[in-house]
Amino acid sequence: MPELPEVETVRRGLSELIIGKVVASETHDTPKGFPNAIADVRQFLIQATITDVRRRAKVLIVDLSTDYSLLIHLKMTGQLVFVGDTRFGAGHPNDSLVTALPDKSTRVTLTFADGTQLFFNDQRKFGWVKLLPTAEIAEVPFMKKVGPEPLELEFTVEQFAARFARRIKTNIKAAILDQSVIAGVGNIYADESLWGAKIHPQRLVGSLTEEEFKNLYTDLRAVMNLSIEKGGSSNRNYVNAEGKKGSYMDFARVFRREGLPCPRCGTTIEKMRVAGRGTHICPFCQTL
DNA sequence: CACTTGACCTGTCCGC
DNA sequence: TGCGGACAGGTCAAGT
């Protein structure tokens with residue numbers, strides 16, 4: 001999916017586009033994409049005003065005036081695309097989406113009172129949209145176990161290192177992907193930050209030095225902040241709320257760059273499998 | 001508990 | 001051109 005920087009990019013875009021709009025109607029394909037839509041839509045979604053768009057880890061939270069919220073997880077291929085704002089002039093990339101959506105990947109459509117629309121598209125159907133009372137968000141199992149936000153200013157390197165205590169015997173790649181350790185890190189930024197800190201992804205967590213945790217902490221934050229600045233990574237499906245791609249992949253140093261030279265030492269980047277995920281390393285900079 | 005692996009889906013790409 | 005298999009940004013439910 002979209003990882004933290006991509007979800008944050010969508011959040012910022014949606015904040016500009018949908019806050020204040022009133023939900024007029026909702027349609028969805030199968031109950032799986034919007035499990036509780038039938039039961040709750042009429043009372044708590046229709047006629048509600050969007051009051052805020054927040055993010056926790058990789059989950060988007062759309063708050064409604066009814067004290068209910070939409071929780072949205074894009075998983076691997078989810079998109080949230082807003083269509084129809086009159087501020088988009090002719091030639092805006094969003095123009096072509098007006099007629100292109102909905103398409104076969106569209107799972108949920110929200111139509112606002114002014115005629116604009118928000119589409120939840122998801123090719124692989126792993127993602128979901130749930131409606132629940134805002135006050136109950138903290139009770140959702142994922143929200144209970146998810147770790148701290150790594151980009152918060154008050155999040156320190158000491159806190160970062162301490163979070164790994166529970167995963168001492170596994171490799172660092174599996175640990176950093178574990179959402180209960182740190183929120184929001186996925187496959188792209190795991191590989192990018194491990195390269196930045198010169199740590200081999202198969203190194204056991206228990207073997208990392210204080211210095212290595214510091215380097216990982218520093219580079220992870222740097223690379224995620226850079227990606228947000230660039231509008232995220234569009235490896236395949238990801239687009240922002242206006243249907244546009246992000247450009248972080250132009251700045252990627254190892255991710256999906258197997259066969260190309262390491263930007264630091266020139267050694268050919270290799271691809272391997274770690275923690276069940278495709279993993280990219282510089283075999284010279286990152287050793288066991 | 002900690003850890004690993006498979007499952008959930010559809011589409012694309014690569015080798016034969 | 002067709003077909004099978006591997007693989008894709010994530011998480012959960014099982015298994016050990």
Side-chain angles (χ1 to χ4, degrees), chain A residues 1-11 28-35 55-60 71-80 103-108 120-130 140-147 163-194 201-207 220 223-224 227-228 230-240 245-259 271-280:
Chain A
M1 128 176 185
E3 306 179 28
L4 188 156
E6 290 73 37
V7 179
E8 176 61 19
T9 300
V10 173
R11 187 200 68 74
H28 57 276
D29 60 347
T30 62
K32 200 183 161 211
F34 198 160
R55 177 190 62 74
R56 177 74 172 99
K58 303 172 190 171
V59 179
L60 277 164
L71 258 56
I72 304 168
H73 203 308
L74 303 175
K75 291 289 181 83
M76 301 282 263
T77 56
Q79 307 175 331
L80 277 173
D103 63 19
K104 64 187 296 188
S105 75
T106 300
R107 317 211 44 223
V108 179
F120 171 61
N121 304 325
D122 186 15
Q123 184 180 88
R124 290 176 73 179
K125 303 185 179 179
F126 291 167
W128 42 255
V129 179
K130 293 174 187 171
V140 173
F142 177 86
M143 295 298 185
K144 273 188 174 174
K145 74 171 190 187
V146 72
R163 294 297 302 174
F164 288 87
R166 65 174 69 188
R167 302 298 305 269
I168 286 298
K169 289 182 178 169
T170 192
N171 60 64
I172 185 62
K173 169 111 183 194
I176 202 168
L177 288 173
D178 183 341
Q179 298 299 293
S180 73
V181 174
I182 303 291
V185 185
N187 209 30
I188 298 175
Y189 305 103
D191 282 8
E192 290 287 290
S193 60
L194 287 168
Q202 288 176 316
R203 287 275 305 285
L204 295 184
V205 172
S207 79
L220 178 64
V223 81
M224 283 189 155
S227 185
I228 291 171
K230 301 299 174 188
S233 299
S234 289
N235 188 10
R236 312 179 87 100
N237 298 278
Y238 168 74
V239 293
N240 69 12
K245 295 175 182 296
S247 68
Y248 176 80
M249 287 306 288
D250 296 341
F251 301 82
R253 302 157 312 177
V254 284
F255 191 78
R256 295 240 329 175
R257 291 180 54 80
E258 60 270 31
K271 185 171 181 182
M272 57 201 298
R273 202 141 192 97
V274 181
R277 312 296 301 275
T279 299
H280 311 76

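A note on names: the letters A, B, ... follow the listed sequences, proteins ahead of strands, and every chain is numbered from 1.
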Visitor: Roughly, in whole Å, what's the span from NZ in A:K125 to C1' in C:dG10?
Guide: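 Value for this atom pair: 18 Å.
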Visitor: Determine whether the aromatic ring of A:F126 stacks with the base of C:dG10, defined as ring centroids separated by less than 5.5 Å and ring planes inclined by less than 30°.
Guide: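 A stacking contact exists, since A:F126 sits close and nearly parallel to the base ring of C:dG10.
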Visitor: Base, sugar-phosphate alone, or nothing: which one does A:G278 contact when heavy atoms must sit under 4.0 Å apart?
Guide: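 A:G278: backbone/sugar contact only, no base atoms under 4.0 Å.
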Visitor: Can a donor-acceptor pair be found between the side chains of A:E3 and A:Y238 at a distance below 3.5 Å?
Guide: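 The criterion, which ignores hydrogens and geometry beyond distance, is not satisfied for A:Y238 and A:E3.
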Visitor: Could you work out which one of C:dA8, C:dC12, C:dG9 sits closest to the side chain of A:F142?
Guide: C:dC12
Visitor: With a non-hydrogen cut-off below 4.0 angstrom, is A:Y189 in contact with a base, only sugar-phosphate, or nothing?
Guide: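 Since no nucleic acid heavy atom lies under 4.0 Å of A:Y189, the category is nothing.
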Visitor: Rounded off to whole Å, could you give me the CE-to-P distance for the A:M76 and C:dC7 pair?
Guide: 13 Å
Visitor: If I compare all heavy atoms of A:Y189 with all of A:E6, which pair ends up nearest, and what's the gap?
Guide: OH-OE2, 2.5 Å
Visitor: Does OP1 or OP2 of C:dC7 have a side-chain N or O of A:R277 closer than 4.0 Å?
Guide: no
Visitor: Provide the Watson-Crick or G-U wobble partner of C:dG10, both distances under 3.5 Å; none if there is no partner.
Guide: B:dC8
Visitor: Take atom CG of A:L60 and atom C1' of C:dG10, then tell me their distance rounded to the nearest Å.
Guide: 14 Å
Visitor: Taking CD1 from A:I182 and P from C:dG10, how many angstroms apart are they, rounded to a whole number?
Guide: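 Value for this atom pair: 16 Å.
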Visitor: I want to check something: taking the side chain as every heavy atom from C-beta on, are A:R167 and A:I172 in contact at a cut-off of under 4.5 Å?
Guide: no
Visitor: A:A174 or A:K32: which one's nearest nucleotide on DNA chain B is closer to the 5' end?
Guide: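 The 5'-side residue here is A:A174.
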Visitor: Rounded at 0.5 Å granularity, tell me how far CZ in A:R256 sits from CG in A:N235.
Guide: 4.5 Å
Visitor: Could you tell me whether A:L177 contacts a base, only the sugar-phosphate backbone, or nothing, with contacts defined as non-hydrogen atoms closer than 4.0 Å?
Guide: nothing
Visitor: Using a 4.0 Å heavy-atom cut-off across all strands, classify A:N235 as base, sugar-phosphate, or nothing.
Guide: base
Visitor: Hey, could you give me the NZ/CD1 distance between A:K130 and A:I72, rounded to the nearest 0.5 Å?
Guide: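 Atom-to-atom, A:K130:NZ and A:I72:CD1 are 12.0 Å apart.
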Visitor: Phosphate oxygens OP1/OP2 of B:dT10: is one of them under 4.0 Å from a side-chain N or O of A:K104?
Guide: no
Visitor: Specify the separation, in whole Å, of atom NZ of A:K145 and atom C1' of B:dC3.
Guide: 13 Å
Visitor: On DNA chain C, check which nucleotide each of A:Q179 and A:Q123 is closest to and give me the residue with the more 5' one.
Guide: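 The 5'-side residue here is A:Q123.
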Visitor: Between C:dG10 atom P and A:K58 atom NZ, what is the distance in whole Å?
Guide: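 After rounding, the gap between these two atoms is 4 Å.
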Visitor: Work out how far the P atom of C:dG9 is from that of B:dC14, and round it to whole angstrom.
Guide: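 The same atom, P, in both gives a distance of 16 Å.
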Visitor: Under 4.0 Å between a side-chain N or O of A:H73 and OP1 or OP2 of C:dG10?
Guide: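 For C:dG10, OP1/OP2 do not have a side-chain N/O of A:H73 under 4.0 Å.
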Visitor: Does a side-chain N or O of A:T77 approach OP1 or OP2 of B:dT10 to a distance below 4.0 Å, or not?
Guide: no
Visitor: Between A:S234 and A:G246, which heavy-atom pair has the shortest distance, and what is it?
Guide: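 Scanning both residues, the minimum pair turns out to be OG-N, 2.8 Å.
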Visitor: Check the phosphate of B:dT12 against A:R236, side-chain N and O only, distance under 4.0 Å to OP1 or OP2. Yes or no?
Guide: no
Visitor: Closest to the A:Y238 side chain: C:dG9, C:dA8, B:dA2?
Guide: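 Of the candidates, C:dG9 comes closest.
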Visitor: Would one find a side-chain N or O of A:R166 under 4.0 angstrom from OP1 or OP2 of B:dC1?
Guide: no
Visitor: Expressed as a whole number of angstroms, how long is the span from A:R256:CZ to C:dA6:P?
Guide: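 Between P of C:dA6 and CZ of A:R256: 19 Å.
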Visitor: Roughly how many Å is it from CD in A:E6 to P in C:dG10, rounded to a whole number?
Guide: 9 Å
Visitor: What integer number of Å spans the P atoms of B:dA7 and C:dG5?
Guide: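 Straight-line distance between the two P atoms is 15 Å.
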Visitor: Is A:R273 touching bases, backbone alone, or none of the nucleic acid, heavy atoms closer than 4.0 Å?
Guide: sugar-phosphate
Visitor: Taking only Lys NZ, Arg NE, NH1 and NH2, and the carboxylate oxygens of Asp or Glu, determine whether A:D191 and A:K173 approach each other closer than 4.0 Å.
Guide: yes
Visitor: At under 4.0 Å between heavy atoms, what does A:G276 touch on the DNA or RNA strands: base, sugar-phosphate, or nothing?
Guide: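 Nothing, no heavy atom under 4.0 Å.
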